[in-house]
Protein chains: 2
Amino acid sequence: MTGEDNILKLVDAEESESGEYHLQDQVGFILRRAQQRHVAIFSSYISDLTPPQFAALAKLRDVGGDTSQNQLGALVAMDAATVKGVIDRLRARGLVELSRHDGDRRRLLVSLTVEGRRTVDALIPLATRITEETLSPLSPKEVATFLKLLARLA
Amino acid sequence: MTGEDNILKLVDAEESESGEYHLQDQVGFILRRAQQRHVAIFSSYISDLTPPQFAALAKLRDVGGDTSQNQLGALVAMDAATVKGVIDRLRARGLVELSRHDGDRRRLLVSLTVEGRRTVDALIPLATRITEETLSPLSPKEVATFLKLLARLA
DNA sequence: CCAAATTCATTCGTACACAAATGATACCAG
DNA sequence: CTGGTATCATTTGTGTACGAATGAATTTGG
């Protein structure tokens with residue numbers, strides 16, 4: 001930090017050691033806006049399900065068998081309280097159903113109903129397009145780079 | 001989709017045309033997890049203010065003069081209803097104050113109180129470290145690349 | 001085998017986030 | 001000047017998101 005390092009300005013050019021702090025250039029802020037844009041794209045394709053609801057269904061689809069609510073939560077990165085709300089709403093719509101685990105009476109198994117399964121299957125192609133549109137400002141090569149770096153931050 | 005195009009696998013290698021859909025590999029999902037990690041880091045450094053609250057304060061700090069609630073909302077990417085809640089809470093804590101615009105009685109001007117100003121100033125160094133820690137899994141060069149690409153998605 | 005620690009789910013409270021509806025004010029065209 | 005339109009803020013309703021507390025059931029250590 002003693003003088004020679006203005007070469008490093010390329011690295012953190014957004015604010016460097018100048019004492020300035022610009023909200024616009026902070027990862028957290030940009031991350032939040034990217035999220036917002038993604039959610040907007042999502043709901044333009046799928047308006048009757050939220051991203052977390054879809055995530056739960058998609059995950060249930062690829063684990064196949066039943067999972068407990070907590071386990072599912074871990075898989076879709078939601079805490080217990082959040083998962084409960086999501087599952088409750090999906091259940092109210094008949095897309096998932098709950099049953100007790102036999103052998104461990106604490107556990108509540110979640111599974112797709114026939115309609116839930118049909119619904120997710122039908123939405124997968126749209127979900128793929130949502131991903132594509134979200135990434136559309138980047139070239140294929142940039143997409144690959146971006147996803148690799150983003151995954152390291154998650 | 002008829003056979004020859006496995007060359008394209010480099011492009012969307014995460015799932016390609018195989019019919020598989022893995023939630024883990026979708027931008028939206030990873031973006032959400034990256035957000036979660038960032039928020040966790042944020043609150044480990046600043047536990048008495050949320051990221052949106054800090055964003056509002058930081059923005060007020062760098063616009064200097066007063067701004068209307070809606071204008072501030074645009075600057076920090078929050079809609080009118082969300083901004084109202086954030087400002088209400090900051091006001092309850094004495095960090096910002098509101099006044100009527102003279103000449104346009106619809107507008108509600110938001111400004112930092114002395115304490116609000118002191119608070120943000122004191123938090124800026126922590127905010128810088130939050131950004132650094134969030135980006136710490138990446139090398140400086142990767143950070144530059146990542147921020148450039150992320151900004152294009154936001 | 002039993003008490004202590006752990007796990008699963010639920011509940012409560014707080015804080016975004018956004019759509020839609022509403023009321024007040026301001027602006028603009030005719 | 002006036003009626004239509006746009007803007008600012010607020011309110012309501014729904015849906016995440018998470019910390020903390022609670023109770024029931026299971027697991028573990030001694």
Side-chain angles (χ1 to χ4, degrees), chain A residues 28-29 31-44 46-57 66-93 95 98-110, chain B residues 28-29 31-44 46-57 66-93 95 98-110:
Chain A
F29 183 71
L31 221 38
R32 191 167 129 270
R33 292 202 301 118
Q35 250 298 113
Q36 287 173 343
R37 173 170 166 275
H38 170 71
V39 173
I41 292 170
F42 185 100
S43 70
S44 77
I46 301 178
S47 58
D48 61 341
L49 230 44
T50 63
Q53 286 167 8
F54 175 76
L57 294 180
D66 314 72
T67 338
S68 76
Q69 230 176 234
N70 272 10
Q71 276 176 287
L72 181 61
L75 294 171
V76 296
M78 297 178 205
D79 76 357
T82 301
V83 153
K84 189 194 187 315
V86 172
I87 294 302
D88 277 354
R89 286 180 284 274
L90 291 174
R91 189 162 66 98
R93 295 176 49 180
L95 301 176
L98 301 176
S99 56
R100 283 282 162 196
H101 183 103
D102 32 310
D104 189 342
R105 276 172 308 185
R106 288 169 309 179
R107 291 196 188 149
L108 205 49
L109 298 178
V110 188
Chain B
F29 183 70
L31 221 39
R32 192 166 128 271
R33 293 202 300 119
Q35 251 298 111
Q36 287 174 343
R37 174 170 165 274
H38 169 73
V39 173
I41 292 170
F42 185 101
S43 70
S44 77
I46 301 177
S47 57
D48 61 341
L49 230 45
T50 64
Q53 286 166 10
F54 175 76
L57 294 179
D66 315 71
T67 337
S68 75
Q69 230 176 233
N70 271 8
Q71 275 176 288
L72 181 61
L75 294 172
V76 294
M78 296 177 206
D79 75 358
T82 302
V83 153
K84 188 193 186 315
V86 171
I87 294 302
D88 277 354
R89 286 179 286 272
L90 290 174
R91 189 162 67 99
R93 295 178 47 179
L95 301 177
L98 300 177
S99 56
R100 282 283 162 198
H101 182 103
D102 33 308
D104 188 342
R105 276 172 308 184
R106 289 169 309 179
R107 291 195 187 150
L108 204 48
L109 298 177
V110 187

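Chain letters run A, B, ... following the sequence lines, proteins first and then strands; every chain starts at 1. Note that the structure is a prediction, hence the values are computed from the model and not measured.
Within a 6.0 Å sphere centred on CZ of A/R37, heavy atoms belonging to other residues, nucleotides or ligands number more than 12. Counting heavy atoms of neighbouring residues, nucleotides and ligands inside a 6.0 Å radius, atom CZ of A/R93 exceeds 12 of them.
Between the P atom of D/dT14 and the CZ atom of A/R93 lies a distance of 14 Å, rounded to the nearest Å. In this entry the distance linking CZ of B/R89 with C1' of C/dG13 reads 12 Å, nearest Å. Across the protein-nucleic acid pair, B/F29 atom CZ and D/dT16 atom P stand 15 Å apart, rounded to whole Å. Atom-to-atom, CZ of A/R100 to P of D/dA25 comes out at 9 Å; the value is rounded to the nearest Å. Going from atom CZ of B/F42 over to atom P of D/dA17 covers 18 Å, rounded to whole Å. Residue A/L108 contributes atom CG, which lies 13 Å from atom P of D/dA25 at whole-angstrom precision. Regarding B/I87, its CD1 atom lies at a distance of 14 Å from the P atom of C/dA15, rounded to whole Å. Look at CG on A/D102: it is 11 Å from P on D/dT26, rounded to the nearest Å.
Among C/dT25, D/dT10, D/dA25, the nucleotide with an atom closest to any side-chain atom of A/D104 is D/dA25. The side chain of B/A81 sits closest to C/dA19 out of D/dT26, C/dT25, C/dA19. Here the side chain of B/K84 is nearest to one of D/dT10, C/dT10, C/dA17, namely D/dT10. Listed nucleotides: D/dA9, C/dC16, D/dC18. Nearest to the side chain of A/D79: D/dC18.
When heavy atoms are screened at a 4.0 angstrom cut-off, B/V39 is found touching no nucleic acid atom at all. In this structure, A/V83 reaches neither bases nor backbone, as no heavy-atom distance under 4.0 Å exists between it and the strands shown.
Side chain of A/Q36 to backbone of B/A77: a donor-acceptor contact under 3.5 angstrom is found. Remark: side-chain polar atoms of A/R32 are not paired, donor with acceptor, to backbone N or O of B/Q35 under 3.5 angstrom. When atom types are taken as modelled, the side chain of A/R100 and the backbone of A/R106 share a donor-acceptor pair closer than 3.5 angstrom. No donor-acceptor distance shorter than 3.5 angstrom exists from the side chain of B/S43 to the backbone of B/I46, with no hydrogens or angles considered.
At least one side-chain nitrogen or oxygen of B/Q69 sits closer than 4.0 Å to the OP1 or OP2 atom of D/dT10. Within the 4.0 Å cut-off from OP1 or OP2 of C/dT7, not a single side-chain nitrogen or oxygen of A/Q71 is found. Remark: B/R107 is not in phosphate contact with C/dA24, judged by side-chain N or O atoms under 4.0 Å from OP1 or OP2. Residue A/Q53 places at least one side-chain N or O closer than 4.0 Å to OP1 or OP2 of D/dT16. Residue A/T50 has a polar side-chain atom (N or O) positioned under 4.0 Å from OP1 or OP2 of D/dT16. Here B/R32 reaches the OP1 or OP2 of D/dA17: one of its side-chain N or O atoms lies under 4.0 Å away. Regarding contacts with the backbone of C/dA17, every side-chain N or O of A/Q35 stays at 4.0 angstrom or more from both OP1 and OP2.
Not a single donor-acceptor pair, N or O on each side, falls under 3.5 Å between the base of D/dT26 and the side chain of A/R106.
Nucleotides of DNA chain D nearest to A/G103 and A/G85 differ in position, and the one nearer the 5' end is that of A/G85. Both A/M78 and A/R105 lie near DNA chain D, and the one whose nearest nucleotide falls closer to the 5' end is A/M78.
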